[in-house]
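Keep in mind that the numbers below use all heavy atoms, side chains included, and drop hydrogens, waters and symmetry copies.
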Amino acid sequence: GETARELREIGNKVKVVAPKDSDTILEFDDYNNELLLVTSSFLGFIRRHLSRGRILGALVFVMTSITFTLKSIRLIRLENPDVLWVRDYWAALLLQKLIPDCQIVVEVHQPPSFANHFALAIVGKHRETALLAIQESLKMELIKRYPKAKVFVGPMGASTEFFKAGSKKLKSFPMQISSELKVCFLGRMTSSGRDNGLFQLLEDWRIVPSN
């Protein structure tokens, strides 16, 4: 939702294809993006109740992602988009085969697992596909693993220079100063339903000596 909003803010026409897992009819999401809903209450039920456990959960996720993508193809073709922006490697693999002329952006948030590696290796070779990493270090790792892929730092990402600048400022902070170093965390508590570890960070900082 946030990515779609940012793309829309810089002048693109953006629509979000999303599963409809309730009776509520929504036209826009929380970020005011236009929604194209695909009826998939059964898929939602399967993910909620059969995705426990690491191996079974991964299998269920892949199977439901493929099914949802297949259900979305007709809707996507009617919209005739210039670019398809996805975060699912298996969805990207299907879209490359079924809508071959469309440009595809795959947003990558972490090094792919052993199973996902095979899908991303095929996806990255496609001439009309770009991989967007959310960190400079992840970008370099993807370039190393998939030398034929087009890899960039995505809109959520920060370059190495960003962290170098922050590190330099911290080093220049006088250690003997009596006042506290105030740090503002600007971000989300969770991402993709997972804890970002903010409370753990605060707990770790509490055991650091004065200042």
### side-chain contact (heavy atoms from CB on, under 4.5 Å) between Trp90 and Val123, worked out
CA-CA 9 Å; Trp90 298 94; Val123 166; over 6 Å; no

### Summary
On a heavy-atom basis, the closest approach of Ala130 and Phe152 is CB-CE1, 3.9 Å

### Query
What heavy-atom pair brings Ala92 and Val86 nearest, and what distance separates the two atoms?
CB-CG2, 3.8 Å

### Message
Just verifying a value: how many Å separate Lys13 NZ and Glu34 CD, rounded to the nearest 0.5 Å?
### Response
7.0 Å

### Task
Starting at CG of Leu78, measure out to CD1 of Ile73 and round the result to the nearest 0.5 Å.
11.5 Å

#### Entry: Joint hydrophobic cluster, Phe118 plus Ile66, side-chain heavy atoms closer than 4.5 Å
no

### Any side-chain heavy-atom pair of Tyr31 and Val16 under 4.5 Å
no

### Message
Would you say that Leu7 contacts Trp85 through its side chain, given a criterion of any heavy-atom pair below 4.5 Å between the two side chains?
### Response
yes

### Heavy-atom side-chain proximity of Ile134 to Val108 below 4.5 angstrom
no

### Heavy-atom closest pair, residues Pro112 and Leu120
CG-CD2, 3.8 Å

### Query
Can you tell me how far CG of Leu142 sits from OG of Ser137, rounded to the nearest 0.5 angstrom?
9.5 Å

### Message
Using side-chain heavy atoms (C-beta onward) and a distance below 4.5 Å, is Glu107 in contact with Thr3?
### Response
yes

### Task
Establish, from distance only, whether the side-chain atoms of Asn33 and Arg8 form a donor-acceptor pair under 3.5 Å.
yes

### Query
Between Tyr89 and Gln110, what is the shortest heavy-atom contact and its length?
OH-O, 3.8 Å

### Nearest non-hydrogen partners of Glu128 and Cys102, listed with the distance
CB-O, 4.0 Å

### Query
Which value, rounded to the nearest 0.5 Å, describes the distance between Lys148 atom NZ and His126 atom NE2?
14.0 Å

### Query
To the nearest 0.5 Å, how far apart are CG in Leu35 and CG in Asp29?
5.0 Å

### Task
State whether the number of non-hydrogen atoms from other residues, nucleotides or ligands found under 6.0 Å of Asp204 atom CG is greater than 12.
yes

### Query
Atom NZ of Lys97 and atom CD1 of Ile122: how far apart are they, to the nearest 0.5 Å?
7.0 Å

### Message
Looking at Val14, is its backbone amide N or carbonyl O close enough to the side chain of Asn12 to form a donor-acceptor pair, meaning the two atoms are under 3.5 Å apart?
### Response
no

#### Entry: Between Gln96 and Thr129, a side-chain donor and acceptor under 3.5 Å
yes

### Query
Just wondering, are more than 12 heavy atoms of other shown residues or ligands nearer than 6.0 Å to CZ in Phe199?
no

#### Entry: Non-hydrogen side-chain atoms of Tyr146 and His117 separated by less than 4.5 Å
yes

### Query
Does the side chain of Glu141 come within less than 4.5 Å of Lys139's, by heavy atoms?
no

### Message
I'd like to know if the side chain of Lys15 and the backbone of Ile76 have a donor-acceptor N/O pair within less than 3.5 Å.
### Response
no

### Summary
Note: Pro81 and Leu84 closest approach over all heavy atoms is CG-CD2, 3.9 Å

### Task
State, yes or no, whether a side-chain contact exists between Ile104 and Val106 at a heavy-atom distance under 4.5 Å.
yes

### Side-chain (Arg77) to main-chain (Ser72) donor-acceptor, under 3.5 angstrom
no

